[in-house]
Number of protein chains: 2
Amino acid sequence: MLTIGKLGAQAGVKVPTIRYYEQIGLLPEAGRSAGNQRLYGRKALERLAFIRHARDLGFTLEAIRDLLSLSDNPEQPCVAADAIARAQLAEVERRLARLTALKAELERMVVQCAGGKIADCRVIEVLGDHSLCSTDHRHLESEASP
Amino acid sequence: MLTIGKLGAQAGVKVPTIRYYEQIGLLPEAGRSAGNQRLYGRKALERLAFIRHARDLGFTLEAIRDLLSLSDNPEQPCVAADAIARAQLAEVERRLARLTALKAELERMVVQCAGGKIADCRVIEVLGDHSLCSTDHRHLESEASP
DNA sequence: CTAATGTCTCTAGCAACTATAGCTTCAAGG
DNA sequence: CCTTGAAGCTATAGTTGCTAGAGACATTAG
């Protein structure tokens, strides 16, 4: 049996985070010792590892909740889990595209800063003036005006 | 003179967000009309565009606060602004690396889910079992254990 | 002049934790 | 056996960057 501290160390999750996961129902309420301390077994460790891993992959806690409920009834078809993974993949690809454009722009900014005064600093200038942006990068304007 | 709505439309920032920026001191308190409504001029528009642009590039509001205070004294050397931009670039590169690994794993998950039952679905398994991860993708274990 | 839209303040909420305070329990050393 | 320090407990509040709602006042189009 593991105390919450050992569990957290093994799963790579901080102690308050484990209690938080229990509080929001991602982890079942743990059994307690005589002195009211939480005790965990192998199943809890696996479940927490699952959550940890999914978080690392960028799944929201809501998506993880869905995945867990799927894995709790393993006779259902795989379609739902597949859909969740596909949605996440699409989201990841969107973020990748954004970050790539963003990186290009930041590199441009950094390269152009020749160490002069702020007055001629391209970092400030580029941030202040949209027209200095690279060609067709439109900075989420579509996203931000709904 | 622009009302807050026009300002927001021109800068691509929602009205409550502008009030929020004023509240946390990123924008100075705006002048008011006879009827107590905020009124903005060209300078406010520029400052807001700067903030908007920097947010799009992923700068935190704290970093933006620093950049703004820099640009308010334009006789200083550029080094600080350069450092902020470089830090931002490094952070973006970290996120890119993570997302790229993540995408590979999600693709693997989606491919392996061939439409069977959950019981044989790798999507769940991959997330639950670290050892099934692709080669050397270590899922931030280093980052998460401080 | 009225109706619709816009703006005002204030409060509360979102995700996903993190931190603090003030206690109790546990494991190990002397 | 006792003490001390780490680890645990609960409960509450804070974080970042907004977003949403309520209820009242201002402005503008027809």
Side-chain angles (χ1 to χ4, degrees), chain A residues 1-27 29-40 44 48 50-68 88 91 95 98 139-140 143-146, chain B residues 1-27 29-40 44 48 50-68 88 91 95 98 139-140 143-146:
Chain A
M1 282 297 188
L2 299 165
T3 62
I4 196 170
K6 314 282 184 193
L7 179 72
Q10 292 210 19
V13 176
K14 288 176 190 154
V15 168
T17 306
I18 298 173
R19 289 196 278 248
Y20 169 71
Y21 287 163
E22 178 181 311
Q23 190 196 315
I24 65 171
L26 268 192
L27 292 175
E29 291 197 15
R32 299 300 179 109
S33 74
N36 197 35
Q37 301 195 347
R38 289 172 181 82
L39 289 179
Y40 298 92
L48 184 55
F50 180 101
I51 296 171
R52 162 89 204 291
H53 205 155
R55 286 294 297 136
D56 285 351
L57 287 169
F59 289 89
T60 65
L61 291 183
E62 263 329 286
I64 292 170
R65 202 187 289 277
D66 291 350
L67 286 168
L68 280 171
Q88 282 296 318
E91 175 59 31
R95 291 201 296 219
R98 255 199 78 194
H139 299 301
L140 309 181
E143 279 181 45
S145 41
Chain B
M1 285 296 189
L2 300 164
T3 62
I4 198 171
K6 313 280 185 196
L7 178 71
Q10 290 211 20
V13 175
K14 287 176 191 157
V15 167
T17 305
I18 298 173
R19 290 197 278 248
Y20 168 72
Y21 286 162
E22 178 182 310
Q23 188 195 315
I24 65 171
L26 270 191
L27 292 175
E29 292 197 16
R32 301 297 180 114
S33 72
N36 197 36
Q37 301 194 345
R38 290 175 181 80
L39 288 179
Y40 299 90
L48 185 55
F50 181 102
I51 297 171
R52 162 90 207 290
H53 205 157
R55 285 295 297 138
D56 285 351
L57 287 171
F59 289 87
T60 64
L61 291 184
E62 262 329 288
I64 292 169
R65 201 186 291 277
D66 291 349
L67 286 169
L68 281 170
Q88 186 57 30
E91 175 59 32
R95 293 205 296 236
R98 257 197 76 193
H139 299 301
L140 309 183
E143 277 182 48
S145 43

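The sequence lines fix the lettering, A, B, ..., with proteins before strands; numbering per chain opens at 1.
Extent of DNA chain C lying under 4.0 Å from chain A heavy atoms, first and last nucleotide in 5' to 3' order, is C:dA16 to C:dC26. Extent of DNA chain D lying under 4.0 Å from chain B heavy atoms, first and last nucleotide in 5' to 3' order, is D:dG17 to D:dT27.
Between A:Gln37 and B:Gln37, the residue anchored nearer the 5' end of DNA chain D, judged by the nucleotide with its closest heavy atom, is A:Gln37. Two residues, B:Arg55 and B:Ser33, neighbour DNA chain D, and the one matched to the more 5' nucleotide by heavy-atom proximity is B:Arg55. Across the interface with DNA chain C, nearest-nucleotide mapping of B:Arg38 and A:Glu62 shows B:Arg38 to be the residue nearer the 5′ end. Along DNA chain C, the nucleotide nearest A:Tyr20 and the nucleotide nearest A:Ala34 are compared for position; the residue whose nucleotide lies closer to the 5' end is A:Tyr20.
We find the CG-CZ distance between B:Asn36 and B:Arg38 to be 8.0 Å, quoted to the nearest 0.5 Å. To the nearest 0.5 Å, atoms CD1 (A:Ile4) and CZ (A:Arg19) are separated by 4.5 Å.
Heavy-atom minimum distance, A:Ile51 versus A:Ile64: O-CD1, 3.9 Å.
Looking at B:Gln88, its side chain does come within 3.5 Å of a backbone N or O of B:Gly58 through a donor-acceptor pair.
A rotation axis mapping the C1' atoms of four pairs onto the next four is fitted at both ends of the helix from C:dC1-D:dG30 to C:dG30-D:dC1 over five pairs, and the angle between these axes is 0° to 10 degrees.
Using a 4.0 Å cut-off between charged nitrogen and carboxylate oxygen, B:Arg65 and B:Glu62 count as a salt-bridge pair.
Partner A:Tyr20 forms a side-chain contact (heavy atoms from CB on, under 4.5 Å) with one of A:Leu61, A:Val13, A:Val15, A:Leu26 and no other, that one being A:Leu61.
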